[in-house]
There are 2 protein chains.
Amino acid sequence: MNKRRSGIRHSSAGENDRQLMFSLVNTGRAIEQRLEEALVRVGLSLAKFGALTHLREAGEPISLSECAKKMTCVRSNITQLMDRLEADGLVRRVEDPQDRRAVKAALTRLGSARQTAGAKEVAKVQAELLKTLNGIDQDELRRALSAIK
Amino acid sequence: MNKRRSGIRHSSAGENDRQLMFSLVNTGRAIEQRLEEALVRVGLSLAKFGALTHLREAGEPISLSECAKKMTCVRSNITQLMDRLEADGLVRRVEDPQDRRAVKAALTRLGSARQTAGAKEVAKVQAELLKTLNGIDQDELRRALSAIK
DNA sequence: TATATATTATTCATATATGAATAAACGTCG
DNA sequence: CGACGTTTATTCATATATGAATAATATATA
């Protein structure tokens with residue numbers, strides 16, 4: 001009576017899997033959105049914060065190609081992003097005497113300060129996220145995410 | 001000697017948490033990208049497939065506002081998406097006699113067939129994803145995702 | 001050295017997304 | 001009924017992203 005009948009389910013396995021796949025997509029988007037909302041408070045977007053952070057971590061001007069690699073996006077995207085960052089006064093384009101094709105992006109003082117402000121906002125979102133993950137096996141979650149790669 | 005010194009870690013807790021948060025974002029993006037790549041083979045994008053699927057599930061024409069709600073996006077986005085779907089011949093705009101402000105989107109036969117083709121591609125990505133999740137506690141993953149909401 | 005191939009950034013066309021402003025139609029309430 | 005506020009879709013400006021085409025410079029090779 002209580003016996004589980006193997007091979008029979010109310011909702012098909014495929015349906016559950018689809019839900020899982022789209023849950024992964026939607027969760028990523030939801031977190032992105034929270035980050036965007038937090039960053040807009042300091043005049044940044046996630047894209048802008050990412051670029052500033054890579055520049056900060058590099059510790060020196062980096063070429064736009066290098067920046068595109070770090071951000072895993074195409075170069076034309078970086079061209080536009082740097083246009084906006086430059087318009088905001090957060091970044092300066094500098095020539096590379098070693099390679100006259102290249103253009104490097106340099107953080108301005110304002111850009112550096114803005115990155116710091118952004119990082120604080122990101123940390124808040126992170127703390128909130130961690131709270132919601134209370135009672136969840138985070139190691140297993142990490143394992144799942146790195147399996148998907 | 002082997003004792004764990006509490007409160008001291010090589011990489012700070014905050015750093016791990018940041019990694020986890022960005023892993024969630026990046027995983028979502030990676031899956032999205034796989035879906036886009038699969039769907040482009042049948043002439044669809046994820047956004048287009050989503051709209052077609054909602055129309056299919058509704059079983060009848062739905063207003064653009066309704067579609068925006070289902071897709072959790074703003075209406076101007078749907079206006080543009082429907083422009084493109086209409087240009088592709090996958091959808092037709094029809095008037096709503098009940099409410100003359102409203103415009104409804106109706107699936108064409110081609111749109112319906114395209115949705116079917118898209119669903120097959122999505123299923124393949126899903127199957128691939130499931131394989132990589134071999135050995136992962138999927139219920140715990142589901143729990144984590146629904147905790148984040 | 002001269003030519004061919006690579007790489008660099010930019011520009012352009014396009015897709016996706018948001019939010020503000022607008023016009024038309026709907027509903028309500030005095 | 002008529003004025004007012006709401007809802008509908010659209011348009012516009014903008015941000016983010018891709019990929020193709022282009023121009024300038026580097027590098028390799030014949």
Side-chain angles (χ1 to χ4, degrees), chain A residues 25-26 28-30 32-37 39-40 43-52 54 61-88 90-106, chain B residues 25-26 28-30 32-40 43-52 54 61-88 90-106 118:
Chain A
V25 171
N26 291 332
R29 284 186 181 179
E32 262 188 83
Q33 206 172 326
R34 286 180 219 177
L35 289 167
E36 296 282 5
E37 280 163 15
L39 285 166
V40 84
L44 286 177
S45 62
L46 189 50
K48 286 177 178 177
F49 175 70
L52 295 183
H54 286 303
I62 61 179
S63 75
L64 303 201
S65 272
E66 218 172 321
C67 192
K69 266 173 214 138
K70 285 182 201 291
M71 299 189 65
T72 37
C73 70
V74 301
R75 277 182 308 217
S76 59
N77 195 10
I78 299 297
T79 295
Q80 298 176 87
L81 183 57
M82 288 303 167
D83 287 347
R84 293 187 295 268
L85 284 168
E86 221 172 10
D88 291 347
L90 305 179
V91 146
R92 241 181 22 252
R93 274 177 167 94
V94 296
E95 297 181 0
D96 182 351
Q98 257 64 53
D99 184 341
R100 286 169 49 213
R101 291 167 304 179
V103 174
K104 294 194 164 190
Chain B
V25 171
N26 291 332
R29 285 184 181 181
E32 261 188 83
Q33 206 172 326
R34 286 180 219 178
L35 289 167
E36 296 282 5
E37 280 163 14
L39 286 166
V40 84
L44 287 177
S45 62
L46 189 50
K48 286 177 178 177
F49 175 71
L52 296 182
H54 287 303
I62 60 178
S63 76
L64 303 202
S65 273
E66 217 173 322
C67 192
K69 266 174 213 135
K70 285 182 200 290
M71 298 189 66
T72 39
C73 69
V74 300
R75 277 182 308 216
S76 58
N77 195 9
I78 298 298
T79 295
Q80 298 176 86
L81 183 56
M82 287 302 167
D83 287 347
R84 293 188 296 267
L85 284 168
E86 221 172 10
D88 290 347
L90 306 178
V91 147
R92 241 180 23 251
R93 275 177 166 92
V94 297
E95 297 182 359
D96 181 351
Q98 256 64 52
D99 184 343
R100 284 168 49 215
R101 293 167 304 180
V103 174
K104 295 195 164 189

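Letters go in sequence order (proteins before strands), and every chain restarts at 1. Values below: every heavy atom of this structure, side chains too, minus hydrogens, waters and symmetry copies.
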How would you list, by chain and number, every residue that makes a side-chain hydrogen bond (donor to acceptor under 3.5 Å, both in side chains) with [X], sequence neighbours excluded?
X	value
B:D88	B:K48
A:S65	A:R75
B:R100	none

**Report entry** Watson-Crick/G-U partner (both atom distances under 3.5 Å) of D:dC1
**Finding:** C:dG30

Query raised in the report: Using purine N1 to pyrimidine N3 plus N6-O4 or O6-N4 for Watson-Crick, or N1-O2 and O6-N3 for G-U wobble, both under 3.5 Å, which nucleotide pairs with C:dA6?
Result: none

Query - Opening and closing nucleotides of DNA chain C in contact with chain A, under 4.0 Å to non-hydrogen atoms - result: C:dT7 to C:dT11

Query raised in the report: When you check the glycosidic angle of C:dA6, does it come out syn, meaning within 90° of 0, or anti?
Result: syn

**Report entry** Nearest-nucleotide comparison on DNA chain C, the residue closer to the 5′ end among A:R93 and B:L46
**Finding:** A:R93

Under the rule for side chain to side chain contact (heavy atoms under 4.5 Å, CB included), what residues qualify as partners of [X], not counting sequence neighbours?
X	answer
A:E86	A:R93
A:E95	none
A:V94	A:P61, A:R92, A:K104, A:A106
A:E37	A:Q33

Report task. For B:A105 and B:V91, work out which heavy atoms get closest and say how close. Result -> CB-CG1, 4.1 Å

Query raised in the report: Considering only heavy atoms, which members of residues 94-104 of chain A lie under 4.0 Å from some atom of DNA chain D?
Result: A:D99, A:R100, A:R101

Report task. Using a heavy-atom cut-off of under 4.0 Å over every strand shown, decide if A:S65 touches base, sugar-phosphate, or nothing. Result -> sugar-phosphate

Report task. Look at all strands and tell whether B:S76 reaches a base, only sugar-phosphate, or nothing, counting heavy atoms closer than 4.0 Å. Result -> base

Query raised in the report: If each of B:R29 and B:D83 is mapped to the nucleotide of DNA chain D with the nearest heavy atom, which maps nearer the 5' terminus, i.e. the 5' end?
Result: B:D83

